[in-house]
Amino acid sequence: MTKSKKPARKAQPKADRAPDSATALGDGSMKLLALECWRIKKLIPEFAANRKHLVLQTSVDKMIDTLAALGVAIDDPQGSEFKDGMTLNVAVFDNSDQLEIGQRIVSETLSPNIFIRDKLANTARVIVSVGRKDGLHGT
C-alpha cells in the first residue's frame with residue numbers, strides 16, 4: 001500500500017498587525033474628524049427637546065476625548081476679545097451697537113482652530129463684532 005500524498009497547501013500571507021490608531025489616521029483625517037465633532041457638538045443644543053440628545057452629547061464628547069488622546073486639540077475662540085495679530089481667518093467684521101466703540105469680540109466661529117500634536121492644522125474662521133456705541137457703560 002502506498003501512502004497518498006497530501007495536496008500542497010498554498011502559503012497564506014501573514015496577517016498584518018493592525019496599525020496604531022494614531023498612525024492609521026493621517027493628519028488630514030484627524031483634522032476632518034475633529035471639525036465634524038465640533039460641528040455636531042455645536043448643533044446638539046438645538047435638539048434639547050429630544051432627551052436622546054444627551055446620548056449623542058456623550059458620544060461626541062468621547063470622540064473628542066479620543067482625539068485629544070491622539071494629540072488633537074479643538075479651540076473655539078468664540079466670545080474672546082479680538083486683537084490684531086491673532087491667527088484667525090476673519091470672514092466678516094460686523095458693526096455692533098451692543099459693544100463700545102473700538103471693542104472687538106469674536107461673535108461667531110464658523111470653524112475652529114485645530115491643533116495636531118501642538119501644530120496648527122486648521123485656522124479658525126470667525127466673525128468679529130466691532131463696537132460702535134458711545135458710552136455703553138454710562139460714561
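Quick note: residue numbers are just sequence positions, from 1. The model shown is predicted, which means the values in this text are computed figures rather than measured ones.
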* Hey, are the side chains of P77 and T109 touching, using non-hydrogen atoms and a 4.5 Å cut-off? -> yes

* Structure fact -> Students should find that the hydrophobic cluster of F115, defined by side-chain heavy atoms under 4.5 Å apart, otherwise consists of L120

* Can you tell if the side chain of Q103 reaches within under 4.5 Å of the side chain of E81, non-hydrogen atoms only? -> no

* To do: Would you check if L33 and C37 make a side-chain contact, meaning some heavy-atom pair closer than 4.5 Å?
  => yes

* To do: Would you check if V126 and E108 make a side-chain contact, meaning some heavy-atom pair closer than 4.5 Å?
  => no

* Structure fact -> Rounding to 0.5 Å, atoms CG (D76) and NZ (K41) come to a distance of 10.5 Å

* **Side-chain donor-acceptor pair present, K42, Q78, cut-off under 3.5 Å** => yes

* To do: Not counting sequence neighbours, list each pair that qualifies as a salt bridge (Lys or Arg N to Asp or Glu O under 4.0 Å) and has a residue in residues 45-57.
  => none

* Salt-bridge contact K119-D27 (side-chain N to carboxylate O under 4.0 Å) -> no

* What distance separates I64 CD1 from I40 CD1, expressed to the nearest 0.5 Å? -> 8.5 Å

* Structure fact -> Of all heavy-atom pairs linking D97 and R132, the shortest is OD1-NE, 2.7 Å

* Answer yes if I44 and L67 sit in the same cluster of Ile, Leu, Val, Met, Phe, Trp and Tyr residues linked by side chain heavy atoms under 4.5 Å apart, and no otherwise. => yes

* Asked: So with a 6.0 Å cut-off around CG of D65, is the heavy-atom count from everything else above 12?
  -> yes

* Structure fact -> Rounded to the nearest 0.5 Å, the CG atom of N122 sits from the CG atom of N113 at a distance of 7.5 Å

* Asked: Among pairs that include at least one residue of residues 28-60, which meet ring pair (Phe, Tyr, Trp, His ring centres under 6.0 Å), considering only residues two or more places apart or in two chains?
  -> none

* Asked: Is any side-chain heavy atom of K62 less than 4.5 Å from a side-chain heavy atom of T58?
  -> yes

* **Separation between OG of S29 and CD1 of I116, rounded to the nearest 0.5 Å** => 9.0 Å

* To do: Looking only at non-hydrogen atoms, find the nearest pair between S111 and L35 and report the distance.
  => CB-CD1, 3.9 Å

Donor-acceptor pairs under 3.5 angstrom involving side-chain atoms of residues 84-95: please list them, not counting sequence neighbours.
residue : atom : partner : partner atom : Å
D84     : OD1  : R104    : NH1          : 3.1
D84     : OD1  : R104    : NH2          : 3.2
N89     : OD1  : R125    : NH1          : 3.2

* **Between S129 and S96: side-chain donor-acceptor atoms closer than 3.5 Å** => no

* To do: Please tell me if the side chains of D75 and P112 come closer than 4.5 Å, counting only heavy atoms from C-beta onward.
  => no

* To do: Not counting sequence neighbours, which residues clear salt bridge (charged side-chain N to carboxylate O under 4.0 Å, His left out) with E36? List them please.
  => R39

* Asked: Is any side-chain heavy atom of L99 closer than 4.5 Å to a side-chain heavy atom of V130?
  -> no

* Can you tell me which residue pairs pass the ring pair (Phe, Tyr, Trp, His ring centres under 6.0 Å) test with a partner in residues 55-79, sequence neighbours excluded? => none

* With side chains defined as the heavy atoms from C-beta onward, is the minimum distance between I114 and V72 less than 4.5 Å? -> yes

